[in-house]
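Below is one structure, written out as structure tokens; the observations come after it.
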Amino acid sequence: MHAQAIVRKNQYQDSVRLMQISRQAGELPGVVKVLALLGTDSNKKVLADLGLLEDTVAAATANDLVICIEAENEEAFAAALADVDARLRSRATADDAAEARPRSLEEAVSRLPGANFAMISLPGSMAKLDVAEALERGLHVMLFSDNISLADEAELKARAAEKGLLLMGPDCGTAIVGGVALALANVVRRGDIGLAAASGTGIQEVTCLIDRFGGGVSHAIGVGGRDLRREIGGTMMLQAIRTLARDPATRKLVILSKPGAPEVREKVMAEARASGLEVVACLLGDDGAAAGGDGITRVATLEEAAFAALGREVPEPHLPEELRARAAALSPDRRYLRGLYSGGTLCYETLFLLKDAMDIQSNVAVRPELKLAYPVKGAAHCCVDLGEDEFTQGRPHPIIDLGLRLERLAEEMADPTVKAVLLDLVIGYGAHRNPAAELAEALDAARRGQADGGPVALVHVCGTQADPQQLQTQETLLAEAGAFLFPTNAQAARAALAVVSGTL
């Protein structure tokens, strides 16, 4: 095995581009792993965990490019390094090059003077000034950046609210505005249901279920996962509710969030009651979600939120006979559930649904005593959110790149004590172009040589037929690989419980 880290001084590159280059070079024959990243402190922590923090790497700055390659031999190493260098030298396509990107917000506004919306994705330490400038120019902002301090978030959101503007984020990865999917979002039909949500994959799950079962969405406004914290005060959730209440196309409102601070939650509910809209509130995992006679329908899961917005009962889950037969044929030594999630809110929904039936360890555990630290490998029941920061520092998000999840899947499928593996697959804009093909191949490979066929794989695909990857195409690929498909994440979780507990 040949492994080495190379530092290129003063070669700052876009982090998303570096992730793509790493993935492409890592697919070459004989190459085990490629990481091309900047010498930031968080990236150095990743390299230290991998045993690659050499002295030259430790001395690198945030403007330096670090290329780490692990290959089976020197020839494969050289090929990977040459591939990385070639891609770094390559320019965009002729069309992209002809339309040079603006170098400042001022230049961007001058090119499109009628614009009223800005999407900002910069390192958190650099984002505040651009957000402030955008707000001063009267622009709504979608802030994709993370690592923004709570104090800065509170200040910027207060400024936005004073101007009647939306500041979606920080760490806002999903939104649908006027039928346009932004960042990691799905193609859903238009309708009268609006969402105000402090959850990216929560927005995706609920909007996709609304679309799948016949409804439509006016807008889905992400507000950032910390908005209902006491320090922020629900500023942008309140602004989102007011914005949707003024929209003539919106008749129903869905609020999605973790419960947050009690006093902030009450402010949000009061604003929702005053909106004049039909309101469904999903404070995910809030056991005290019973209806309070105030006109708000309170639910505890994403599945319930979607069907309540549609005015329908949650359908009874269908457990096929083939699943019963498959589970019955497994070795009696198999008894554990393992979940490998790309969507953090989907992972949390599963933990909430199963918390009374089994103790599930996780990095986003619902009970403190079940919380696991990185690398989150439990000895019993375990569900992992692979999209948490500790897994994405220096790596693409698992919705974009399946590499890390496929490694973990091979481990879990090979474990003779694992009875069921629970997976989500999130498609749509910004996601992997054909994730089911890679996942199906991995499932096929994992089953080879296992006398009982290996653990049962239960999968929910979060997406729509209009998405670039096409929901039905993705589900068919997985079904052909022996996975069992479910229309909602909640149904997949309940089916996994039935398999593990033997109550099918």
Given Leu406 and Leu439, is the side chain to side chain contact (heavy atoms under 4.5 Å, CB included) satisfied, shown in steps? CA-CA 7 Å; Leu406 296 182; Leu439 188 56; 4.0 Å; yes
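- Under a 3.5 Å cut-off, the side chain of Glu133 and the backbone N or O of Leu129 do not form any donor-acceptor pair.
- Contact detail for Thr235 and Asp227: the closest heavy-atom pair is N-OD2, 3.6 Å.
- With no hydrogens or angles considered, a side-chain donor-acceptor pair links Asn434 and Gln474 at under 3.5 Å.
- Taking 4.0 Å as the cut-off between side-chain N and carboxylate O, Glu475 and Arg212 count as a salt-bridged pair.
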Side chain to side chain donor-acceptor pair (under 3.5 Å) evaluation trace for Ser110 with Glu107: CA-CA 5 Å; Ser110 69; Glu107 184 181 346; over 6 Å; no
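- With a 4.5 Å cut-off on side-chain heavy atoms, Arg298 and Met269 count as touching.
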Step by step, work out the side chain to side chain contact (heavy atoms under 4.5 Å, CB included) result for Leu256 and Leu195. CA-CA 7 Å; Leu256 299 177; Leu195 287 83; 4.0 Å; yes
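- Ion pairing between a basic and an acidic side chain is recognised when a charged N comes within 4.0 Å of a carboxylate O; Asp171 and Arg226 show no such pairing.
- Listed by chain and number, the residues in a side chain to side chain contact (heavy atoms under 4.5 Å, CB included) with Asn10 are Asn63, Asp64 (sequence neighbours excluded).
- The shortest side-chain heavy-atom distance between Leu253 and Val280 does not fall under the 4.5 Å cut-off.
- A donor atom on one side chain and an acceptor atom on the other are not found under 3.5 Å apart for Ser121 and Ser145.
- Annotation: ring pair (Phe, Tyr, Trp, His ring centres under 6.0 Å) contacts of Tyr429 (sequence neighbours excluded): none.
- Tested against Thr350, the residues Thr301, Asp424, Asn489 include a single side-chain contact (heavy atoms from CB on, under 4.5 Å) partner, Asn489.
- Using a 4.5 Å heavy-atom cutoff, the side chains of Ser218 and Asp192 are not in contact.
- Side-chain atoms of Arg87 and Gln24 include a donor-acceptor pair closer than 3.5 Å.
- In this structure, Glu155 CD and Ile148 CD1 are separated by 11.5 Å, a value rounded to the nearest 0.5 Å.
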I would like to know whether Tyr341 and Leu386 meet side chain to side chain contact (heavy atoms under 4.5 Å, CB included); could you show each step before the answer? CA-CA 6 Å; Tyr341 282 90; Leu386 291 165; over 6 Å; no
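- A 6.0 Å sphere centred on CZ of Arg251 holds no more than 12 heavy atoms belonging to other residues, nucleotides or ligands.
- For Glu438 and His432, the side-chain atoms include at least one donor-acceptor pair closer than 3.5 Å.
- Comment: Arg338 engages Glu412 in a salt bridge, judged by a side-chain N to carboxylate O separation of less than 4.0 angstrom.
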How far apart are the C-alpha atoms of Leu372 and Cys382, what are their side-chain angles, what is the distance that settles it, and do they pass the side chain to side chain contact (heavy atoms under 4.5 Å, CB included) test? CA-CA 9 Å; Leu372 289 179; Cys382 181; 4.0 Å; yes
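- Using a 4.0 Å cut-off between charged side-chain N and carboxylate O, Lys267 and Glu263 make no salt bridge.
- For the pair Glu411 and Lys377, the salt-bridge criterion is met [side-chain N within less than 4.0 Å of a carboxylate O].
- Residue Lys355 comes nearest to Arg367 through the heavy atom pair O-NH1, 3.9 Å, listed as atom of the first residue, atom of the second, then distance.
- Side-chain atoms of Gln469 come within 3.5 Å of backbone N or O of Gly428 as a donor-acceptor pair.
- Remark: Arg494 engages Glu303 in a salt bridge, criterion side-chain N to carboxylate O under 4.0 Å.
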